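Everything numeric here is computed off the predicted structure, so don't read it as measured data.
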Amino acid sequence: MGAFNWKGIYESFNSGFLTDKEHPVIGITGNYDKETCMLAEGYYQSVLRAEGIPFIIPPFWPDDRLGELLDQLDGIIFSGGGDINPLLLGEEPIKELHSITPQRDMQELLLARMAYDRQIPMLGICKGIQVINAALGGTNYQDIYTQMEGVRIKHSQDLDRRHSSHTVKLTKGSTLERIFTLDTYGGEQCNTEHRVVEKLPVNSFHHQACKDVAPCLRVAAMSEDGVIEAVESNEFKSILGVQWHPETYILGDDYYMMSIFEWLVGESAEFKQAKALHSKILTLDSHCDTPMFFPKGVNFDSRDPKVLVDLHKMAEGHLDATIMVAYLEQQERTEAALENATAKANQILTQIEEMVAKNCTAVDIAYTPDELWKLKQEGKRGIMLGIENGYAIGKDLSNVKAFSKRGIVYMTLCHNGDNDICDSARGNREHGGVSDFGAQVIAEMNRYGIMVDLSHASEESFYDAIGMSKTPIVCSHSSARALCDHPRNLTDAQLRALANAGGVAQVTLYHGFLVKDSVDYNPSNQLRAFGSNTEGVTEATILDAIEHLNHMVNVMGIEHVGIGTDFDGDGGIRGCASASELINFTRRLLRERYTEEQIQMIWGGNFLRVMKQVQAYTG
């Protein structure tokens, strides 16, 4: 009898396994009982069937290794198990509380929060839905039978787990409704006809459930007695939690619930693709106002809740670089006021330099596109310097040269109000466009390699500057007026003129420039639906930003667009609320079928091309 050919099997796996397709790695939290880490078979079998790679996450400490772990995962499943320790949630245990597993609770609450910050797709199952809800700010019932009003159906079943025990009603437009609709996910084994599923048969083995959903979540399904059976993200993130056990069905050769795991693996594969893309390209946000918060004491090396851009958020969002501006509010133009404006701009630039110097092992200032690439190769983030409002130079042309020596890469000619250089989009048309002094300023900016930024400028100033500048101009944070009629946005004619002159326009994530009569994004507000609220006031989302970008690409061409978030200057929308969420924008670009080359153009390639051209100008 011949020996078993394990080497041949190894070679066949080595030559074909994981080479034809990039399978995402799905972490699954392990249960813990009697000093043993366990995982029910249905979890990893369902992930494998959905073409993911299951990876068991055991309970461990200290927490400083959790970040390293999450960086290796493309998705995560929070599995079922015992009750959550109520002490971790600021509650005392009631007598109906069942056994808890303190070995895993602290870690999983932290994992869920960290995965949320990193945009990692998440699926919570039974206990897992409650972990996600609690970690993100929601509350749970310790026991639905004693703490909920009304009469409960039997949720703690004792039948075979491979069979359904009751039905849940799916929220209209929810992720669950979509993934159980044949037209969307092609689940031949799950549905027999083309229809929207309103009620879903599920199984149930629990006595705890979500009470108040976290502000970033919304209810996706509910049982007849009012128990929340599923939640999902209301921020366009890949987060889903279900109260039942979908992983048990496959153990009876029933693929009814596979759509849930196919959804998770699909979202995780897209996230994996976006991460891989970000590792190769250079991502640049062309405008952020974080220095405005320096007086409040910004801790740039921590995840500072006061700001939308810091080193942690840049890393979480896979953002390589940002241009921080010295913003100056337009004020009076007396000699003393102008001198103060120049001094303030210099002070802010110094503060940026000092902040970077304190964190020199992780970030550095770059003055050219090549330096940005060098920093990326060194594993560092890059900061470039800019000035928002030409008010900073006063009436002294020599300040243009002085600021160029400080390393600024662009200067917006104005802000919200006319100045000595030009008229603002929100001004009084003092000059009828660019002033004579402004023409000299533009010439000096050309001479010293500073990009002329026309965001905030009036239409007359815009066209004057295009005609005067010897190098292409930019609009570092402006969107399309055709989609949102705001004077700060650019008309289609302006977009075409900008493209014809070789310039770029960077779509901005400020709600007021994306949707007319919009409201500011606040994670704690009650706009739980995707779109308009009941009063007719609309909330701008990442979908609106993508629509603006697509429109600008159609008008200008892919070579002339980019992204300037305006974070910490009122920028931030649902789905892209801080630097930590910018990889979500890339995922949307992938869904829009933009190529890798095109995404590199959008994520700074076009802007840096113009910067190189401006800095190389010798006329």
Is any side-chain N of the basic residue among [X] and [Y] closer than 4.0 Å to the acidic one's carboxylate O?
X: Lys358; Y: Glu354; value: no
X: Lys237; Y: Glu232; value: no
X: Glu371; Y: Lys374; value: no
X: Glu459; Y: Arg481; value: yes
X: Lys313; Y: Glu581; value: no
X: Asp117; Y: Arg303; value: yes

(message) For His318, is there any backbone N or O sitting under 3.5 Å from a side-chain donor or acceptor partner on Thr283?
(response)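 Yes.
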(message) If the condition is side-chain contact (heavy atoms from CB on, under 4.5 Å), which residues does Ser238 pass it with, not counting sequence neighbours?
(response)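 Per chain and number, Ser238 pairs via side-chain contact (heavy atoms from CB on, under 4.5 Å) with Pro121, Trp263, Glu267, Arg587.
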(request) With sequence neighbours excluded, tell me which residues meet side-chain contact (heavy atoms from CB on, under 4.5 Å) with Glu597. (result)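 Counting only residues at least two positions away or on another chain, Glu597 forms a side-chain contact (heavy atoms from CB on, under 4.5 Å) with Thr595, Met601.
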(request) Provide the full list of side chain to side chain donor-acceptor pair (under 3.5 Å) pairs with a residue in residues 549-562, sequence neighbours left out, each pair given once. (result)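 Those involving residues 549-562 are Asp492-His551, Asn550-Glu592, Asn550-Tyr594.
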(request) Take atom NZ of Lys306 as the centre, draw a 6.0 Å sphere, and report whether it contains more than 12 heavy atoms from other residues, nucleotides or ligands. (result)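 It does: Lys306 NZ has more than 12 such atoms within range.
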(message) Going by salt bridge (Lys or Arg N to Asp or Glu O under 4.0 Å), name the pairs with one or both residues in residues 444-454, residues two or more places apart or in two chains.
(response)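 Sorted pair list: Glu444-Arg447.
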(request) List for me each residue that meets side-chain hydrogen bond (donor to acceptor under 3.5 Å, both in side chains) alongside Gln613, sequence neighbours excluded, and say none if there are none. (result)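 Not a single residue meets the side-chain hydrogen bond (donor to acceptor under 3.5 Å, both in side chains) criterion with Gln613.
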(request) With Asn359 as reference, evaluate Ile383, Asp364, Leu311 under the side-chain contact (heavy atoms from CB on, under 4.5 Å) test and give the passing residue. (result)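 With Asn359 as partner, Ile383, Asp364, Leu311 yield a single side-chain contact (heavy atoms from CB on, under 4.5 Å), made by Leu311.
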(request) Quick one: list whatever passes ring pair (Phe, Tyr, Trp, His ring centres under 6.0 Å) with His486, sequence neighbours left out. (result)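 Expected list: Phe513.
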